[in-house]
Student: 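Encoded as structure tokens, here's the structure I'll be asking about.
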Amino acid sequence: MRDVQEPDITPDLIEAHGLKPEEYAEILRLLNRAPSFTELGIFSAMWNEHCSYKSSKKWLRTLPTEGPQVICGPGENAGVVDIGDGPDGTRLAVVFKMESHNHPSYIEPYQGAATGVGGILRDVFTMGARPIAAMNALSFGAPDHPRTRQLVHGVVEGIGGYGNAFGVPTLGGEIRFHPAYNGNCLVNAFAAGLADAGAIFYSAASGVGRPVVYLGAKTGRDGVGGATMASAEFDEGIEEKRPTVQVGDPFTEKRLMEACLELMATGAVVSIQDMGAAGLTCSAVEMGDKGGLGIRLDLDAVPVREEAMSAYEMMLSESQERMLMVLDPEKEEAARAVFDKWDLDFAVVGETIAEDRFLILHQGEVKADLPLRALSGAAPEYDRPWEETPVAAPLGDLPEIDPIDGLKALIGSPNYAGKHWVTQQYDSQVMADTVAGPGLGAGLLRVHGTDKGLAFTSDVTPRYVKANPVEGGKQAVAEAFRNLCAVGARPLATTDNLNFGNPEKPEIMGQLVGAIKGIGVACAALDMPIVSGNVSLYNETDGQAILPTPTIGAVGLLEDLDDRIAGQAAPGDLALLVGESAGHLGQSALLWEAFGRAEGDAPVVDLDAERRNGAFIRAHSAWITACTDLSDGGLALAAFELAVAAGIGVSLDAGDLPRLFGEDQARYLIACSFDAAEALMVAAGQAGVPLETVGRFGGDTVCLGASEAPLAELAALHQRAFAGVFA
């Protein structure tokens with residue numbers, strides 16, 4: 001079995017592969033022998049955190065994943081949700097997922113972000129869906145940190161460069177800055193596609209003796225060991241990890257998508273899996289394991305673009321734009337013709353076998369002979385010790401600040417300034433179905449050929465999660481729910497991207513457990529099941545963890561786009577506040593941006609109120625001119641954002657800081673006419689929904705109680721604050 005050219009399996013080599021001594025002992029027990037170097041690499045890939053979810057599986061099982069709208073929940077490349085009839089009477093489905101590419105993006109920002117986009121797009125079209133939308137959720141270090149500017153430029157250019165060339169509109173997302181991300185930025189990529197609900201493609205292999213076919217681009221050495229790298233903390237040796245970052249080619253990916261969709265229409269595809277993390281290893285093992293079959297691979301048949309690649313390198317390469325399929329042998333030549341047409345590699349590299357084996361051959365030698373199910377089903381699963389996050393101390397006295405100066409502190413920060421410098425680098429109009437692109441609230445597009453609309457958003461407030469993981473997890477779901485309701489969409493389902501530090505630290509594991517508990521409760525209460533997702537752990541550098549950042553991506557449906565709320569406030573419109581306000585300033589944006597303080601508890605999330613108030617907004621959309629939810633920055637920031645979007649001033653009656661900047665949940669700000677306001681007041685009383693008039697839109701100033709400033713002055717600050725730092 002052992003090749004004399006392969007290194008000896010030493011404790012240092014085992015540790016370099018991310019395996020604990022007890023995990024290696026389990027490998028010895030399973031094999032009843034020492035593994036070869038290639039086998040060690042395969043176990044390392046399949047048993048790392050990124051692929052096996054060994055620290056989070058126990059808790060992920062508690063999440064609600066089912067509902068009448070769910071066609072496919074977690075476990076496949078992406079989630080699938082029914083959205084009703086299409087233009088020709090076929091049933092349509094939206095296919096979507098969010099995944100992280102955090103470590104690669106910190107090491108090599110452009111390619112790390114670009115291949116994150118490429119990977120999530122493959123997850124979608126692997127299921128048989130044509131991608132129609134993309135989003136991204138980005139977290140960077142302090143704006144003045146030496147690396148932040150380089151990271152922002154590289155990541156934004158990488159996202160735009162790949163998505164724009166592929167031809168998918170980027171409809172929204174979020175971008176934040178905090179010193180906790182100085183050594184570990186987060187790049188979470190979301191994609192959604194449309195498919196025939198009756199023609200979804202899955203990854204489980206079936207049928208013995210069927211050809212296993214490699215499709216797409218050639219295999220190189222880029223990305224070797226990427227999945228293992230993504231499951232480890234950073235330290236001073238970070239630059240040595242640069243070769244583990246993949247290189248992407250969006251034009252090849254576009255051809256791969258068209259070829260795959262064309263091939264799927266022929267009936268030749270039995271199962272399909274994209275080659276993402278751990279490349280050929282993970283894709284083959286997952287297809288075999290889900291189908292209860294073994295896989296034999298002959299690496300001599302794998303198309304390569306570098307000379308003298310070893311079996312280890314080919315099995316662990318994460319070269320991009322590649323797929324693995326099990327095909328109907330009777331349609332092999334027709335399938336080959338499709339890929340020849342698109343000038344892509346098509347190679348039969350193995351076959352399905354009845355035995356529980358993962359057999360790897362190369363140059364006439366057996367490089368690996370492993371029990372396939374053990375690679376997946378026997379992967380370690382840990383019930384790690386965890387500690388509840390201590391109850392936050394009460395918020396102390398807040399210094400006095402003029403309300404307009406408080407607003408300036410928010411809109412003058414890159415966190416809340418206008419992001420036009422970023423969004424202008426993304427094509428939000430390609431495919432010509434975009435109704436509302438990046439900016440205020442959820443992105444919105446037309447389901448082509450129908451009157452339906454799909455809304456997309458991603459949300460989380462990390463400082464809430466750190467202070468109170470359960471309420472912070474609930475709030476991330478609730479804010480996503482509100483963003484969808486604010487455009488008139490009915491929330492359908494969610495995907496999560498759980499970004500945390502080292503789970504071997506009980507306090508970090510406690511953050512993860514608490515957040516999952518909160519997410520689960522909120523998803524169940526708001527009928528937004530989790531249908532896909534990703535866990536990214538070990539986001540630490542030199543022992544310093546990121547803020548816990550469980551990003552929630554959500555999708556909503558409008559049966560008729562004419563019912564959307566997509567207008568702008570008009571002069572004379574009243575400003576109406578939906579929901580109860582207690583003036584919660586703990587962990588608020590004002591506290592952080594104006595005073596540099598992160599103190600107090602997160603706001604409590606009343607899920608009954610969220611559900612009731614969201615339903616009220618959707619049911620009365622015809623009376624609402626413009627709407628936004630209240631979250632960071634409270635009433636003051638929400639009113640300013642509606643005002644600056646419309647190019648008119650706004651006057652709010654209240655002038656005290658808790659009333660203006662409090663971040664109580666389950667709230668919306670509405671702009672509407674006087675007559676509509678009267679009708680809404682009556683309807684709110686009947687529905688038991690708190691509703692009050694808090695001001696009026698119009699003029700050319702922003703008035704917060706007795707404090708005021710010209711809209712033009714504030715709008716200029718809002719527009720230049722981000723570009724002034726990063727352009």
Student: So, do N136 and T170 sit near enough that their side-chain heavy atoms are less than 4.5 Å apart?
Tutor: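 A side-chain contact under 4.5 Å exists here.
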Student: Which residues pass the side-chain contact (heavy atoms from CB on, under 4.5 Å) test with M135, sequence neighbours left out?
Tutor: F190, F456, S458
Student: For N539 and I546, indicate whether the former's side chain and the latter's backbone hold a donor-acceptor pair under 3.5 Å.
Tutor: no
Student: One thing to verify: whether R618 and D563 come together as a salt bridge, which I'm taking to mean a side-chain N less than 4.0 angstrom from a carboxylate O.
Tutor: no
Student: Partners of A594 by side-chain contact (heavy atoms from CB on, under 4.5 Å), sequence neighbours excluded?
Tutor: I401, A409, L590
Student: Less than 4.0 Å between a side-chain N and a carboxylate O, is that true for E507 and K505?
Tutor: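 A salt bridge is absent here (no side-chain N lies under 4.0 Å from a carboxylate O).
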Student: Any Lys/Arg nitrogen of E381 or K58 sitting under 4.0 Å from an Asp/Glu carboxylate oxygen of the other?
Tutor: no
Student: Any ring pair (Phe, Tyr, Trp, His ring centres under 6.0 Å) involving residues 598-621? Give me the pairs, sequence neighbours left out, ordered by first then second residue.
Tutor: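 Every ring pair (Phe, Tyr, Trp, His ring centres under 6.0 Å) pair that includes a residue of residues 598-621, provided the two are not neighbours, is F616-H620, H620-W623.
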Student: Identify, with sequence neighbours excluded, every residue that meets side chain to side chain donor-acceptor pair (under 3.5 Å) alongside D653.
Tutor: none
Student: Would you say E580 has more than 12 foreign heavy atoms packed within less than 6.0 Å of its CD?
Tutor: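 Atom CD in E580 is not packed in, count stays at 12 or less.
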Student: For E504, is there an ion pair with K54 - N to carboxylate O distance below 4.0 angstrom?
Tutor: no
Student: Quiz question: by atom type and distance under 3.5 Å, do the side chains of Q665 and Q475 form a donor-acceptor pair?
Tutor: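 Q665 vs Q475: donor-acceptor pair found between side chains.
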Student: According to side-chain contact (heavy atoms from CB on, under 4.5 Å), who are the partners of S707, at least two apart in sequence or on a separate chain?
Tutor: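 Residues passing side-chain contact (heavy atoms from CB on, under 4.5 Å) with S707: D402, P403, I404.
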Student: Could I get the full list of side chain to side chain donor-acceptor pair (under 3.5 Å) partners for S413, not counting sequence neighbours?
Tutor: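 E593.
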Student: Y416: what forms a ring pair (Phe, Tyr, Trp, His ring centres under 6.0 Å) with it, not counting sequence neighbours?
Tutor: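 Partners of Y416 by the ring pair (Phe, Tyr, Trp, His ring centres under 6.0 Å) criterion come out as none, since no residue qualifies.
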Student: Could you give the side-chain donor-acceptor pairs of residues 553-561 under 3.5 Å, partners two or more places apart or in another chain?
Tutor:
| residue | atom | partner | partner atom | Å |
| --- | --- | --- | --- | --- |
| E559 | OE1 | K452 | NZ | 2.9 |
| D560 | OD1 | D562 | N | 2.9 |

Student: Is it the case that R384 and S55 place a side-chain donor and acceptor less than 3.5 Å from each other?
Tutor: yes
Student: Among all residues two or more places apart in sequence or in another chain, which pass the ring pair (Phe, Tyr, Trp, His ring centres under 6.0 Å) test with F140?
Tutor: F177
Student: Who pairs with F500 by ring pair (Phe, Tyr, Trp, His ring centres under 6.0 Å), at least two apart in sequence or on another chain?
Tutor: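 Residues passing ring pair (Phe, Tyr, Trp, His ring centres under 6.0 Å) with F500: none at all.
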Student: Could you check, using the six-membered ring where one of them is a Trp, whether F640 and H718 have ring centers closer than 6.0 angstrom?
Tutor: yes
Student: Could you list the residues that satisfy side-chain contact (heavy atoms from CB on, under 4.5 Å) with V117, not counting sequence neighbours?
Tutor: L121, I159, Y162
Student: In chain order, what residues pass the ring pair (Phe, Tyr, Trp, His ring centres under 6.0 Å) check against H584, with sequence neighbours excluded?
Tutor: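 With neighbours one apart ignored, the set is empty.
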